[in-house]
Number of protein chains: 2
Amino acid sequence: MRIGGYEPFEDQPASLHDDILGRLRDFIVEGHLPSGARIPERELCARFAVSRTPLREALKVLAAEGLVELLPNRGARVREFTEAGIRHLFEVIAGLDFVAGRLACTRISDEDIAAIERLHLDMYTSYLRRELTEYFRLNQMIHQAIVDAAGNPVLSANYASANAVIRRLRYSANLKSERLGDAMREHEAIIDALRRRAGEELGLLMFEHMRKKCDAVCAYLREQQTAAPSADVAHLRSGET
Amino acid sequence: MRIGGYEPFEDQPASLHDDILGRLRDFIVEGHLPSGARIPERELCARFAVSRTPLREALKVLAAEGLVELLPNRGARVREFTEAGIRHLFEVIAGLDFVAGRLACTRISDEDIAAIERLHLDMYTSYLRRELTEYFRLNQMIHQAIVDAAGNPVLSANYASANAVIRRLRYSANLKSERLGDAMREHEAIIDALRRRAGEELGLLMFEHMRKKCDAVCAYLREQQTAAPSADVAHLRSGET
DNA sequence: CCCGAAAATTCTGCATTCAAAACCTTGCAT
DNA sequence: ATGCAAGGTTTTGAATGCAGAATTTTCGGG
């Protein structure tokens, strides 16, 4: 399954700009630059072996996506998030999950349901074994699969770009195990609704699931912040802007 | 109420790039270029009195927003939409409306509710008088006000950019009057739920409202297309891509 | 020794330039 | 006349150049 593409035939060499856009987004999402850090144009030009023009075009797009902040005459920085900012993002994602759930039920094939059920079982295994990295990877894959099953490229693209920002937070490894248990139960209900193709129900389940995930992530981040106020986990700004 | 901005102090002269981005978006949304038309870089540079660099940066952003399509080595075109593409957009907008409704109920002030009620009454007046332009303007303002009342800049920004694409369709003045009556009733229910701050209900009402609007718009466009297959109302591509 | 101002450097934003690709025209052969 | 190909023109995508703003460094006074 592809996501985010509008054109059916799009396997061309991809313009330099587009290539850089993807690579730069990954670079930032993967956390190679600290939050709030100035983005070193010249250095990145060297790293990606391009001139400033395509790099700057990519930065403009990333700014529109919300990953990066553009300060007039002062260059680009990695966007910093307040807790409120993170909640705002999750709220939008929850809305997208809501539609995704409804639509997926009407459009998904039996095979894709089966595939998602398999992912769910694998995730359950990882949960029992407390293999958190794998657990989160599968978790992410399930959500992505449901969104893609909605068969709506606009939805997939928006979902992906909102998620890129969230993924940068790297909350993955440390949620309370209590939350993990709740999340497993929510996922079971989600899979069940999907199996029954109960769209209205699934939409609401996914919406609520995201809301709770948001609360858990925010709680975790706040904890991290008070525990290590000036540490490298400084994803959150202390005050408002 | 501001929309789409992240920074509280943002009244700076606005970089040239940002200025051009807004102006070019308006230019396209207002329909100065036909769907599928090549976007004449040189001409627009002259019109906006800038060089190609900031203009091209703006085009990249508009492409990410979905208003414009970038063909490798063949420049930018105004994006053409299939009916499916339009439905996809409306589905995303409906999801955003769903969250907006829920959140608005928890965050809106009494004064803002009163303001929206006034807009609603004005719209009702326009409806009775069959002043369609004013009716649609107020309609749009009500939706915008509810979204803004959600107090979520990320949501407002996404809503605005999805709506830009829809607004280009210019279906406004041409929906069936039967649909207008239904829409009025839906709006009454929406206002009522908002007044009672019934978030769950409002979210679902707004979601369904958008779905129906989508059907009405698609019906209108399809009609236009069969009526005047090669006319200037060629917003839709005849076949799939 | 520290603070503040001024010069030097760096960086940003935009214009311009350049190579390559697409397109249009024209001329040729059938 | 029509189809095709070669040459020229336009347009695109990316690199480079340049003026102005921001940052850093240096230096003088307290």
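Within every chain, numbering begins at 1; the chains are lettered A, B, ... in the order of the sequence lines, protein sequences first and strands thereafter.
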(message) With no hydrogens and no angle check, just 3.5 Å: does a side-chain donor-acceptor pair link A:D97 and A:Y159?
(response) yes
(message) Tell me if the side-chain of A:R74 makes a donor-acceptor pair with the base of C:dG13, cut-off 3.5 Å, by modelled atom types.
(response) no
(request) Would you mind classifying the nucleic acid contact of A:R42 as base, sugar-phosphate or nothing, using non-hydrogen atoms under 4.0 angstrom? (result) sugar-phosphate
Whole Å only: how far is the [atom1] atom of [X] from the [atom2] atom of [N]?
X     : N      : atom1 : atom2 : result
B:I39 : D:dG13 : CD1   : C1'   : 16 Å
B:L70 : D:dA14 : CG    : C1'   : 14 Å
B:E41 : C:dA15 : CD    : P     : 13 Å
B:L55 : D:dG13 : CG    : C1'   : 14 Å
A:L21 : D:dG13 : CG    : C1'   : 16 Å
A:N73 : D:dA19 : CG    : P     : 17 Å
A:F48 : D:dA14 : CZ    : C1'   : 17 Å
A:H17 : D:dA15 : NE2   : P     : 13 Å

(request) Assign each of A:R77 and A:E57 to its nearest nucleotide of DNA chain D by heavy atoms, then name whichever residue's nucleotide is nearer the 5' end. (result) A:E57
(message) Applying salt bridge (charged side-chain N to carboxylate O under 4.0 Å, His left out) to B:R77 and B:E69, what does each step give before you reach the verdict?
(response) CA-CA 5 Å; B:R77 328 222 137 191; B:E69 212 172 3; over 6 Å; no
(message) Checking contacts here: which listed nucleotide (D:dA15, D:dG13, C:dG13) is nearest the side-chain heavy atoms of A:T53?
(response) D:dA15
(request) Identify which nucleotide among D:dA14, C:dA15, C:dA21 has an atom closest to any side-chain atom of B:L16, counting heavy atoms from C-beta outward. (result) C:dA15
Quick check on [N]: is either OP1 or OP2 less than 4.0 Å from any side-chain nitrogen or oxygen of [X]?
X     : N      : result
B:R38 : D:dT12 : yes
B:R52 : C:dT16 : no
A:S51 : D:dA15 : yes

(request) Assign the ring pair B:F98 / B:F207 to parallel, tilted or perpendicular, where the plane angle (0 to 90°) is split at 30° and 60°. (result) perpendicular
(request) Assess whether atom CZ of B:R107 is packed by more than 12 heavy atoms of other residues, nucleotides or ligands within 6.0 Å. (result) yes
(request) Mark yes when over 12 heavy atoms from residues, nucleotides or ligands other than A:R47 sit less than 6.0 Å from its CZ; otherwise mark no. (result) no
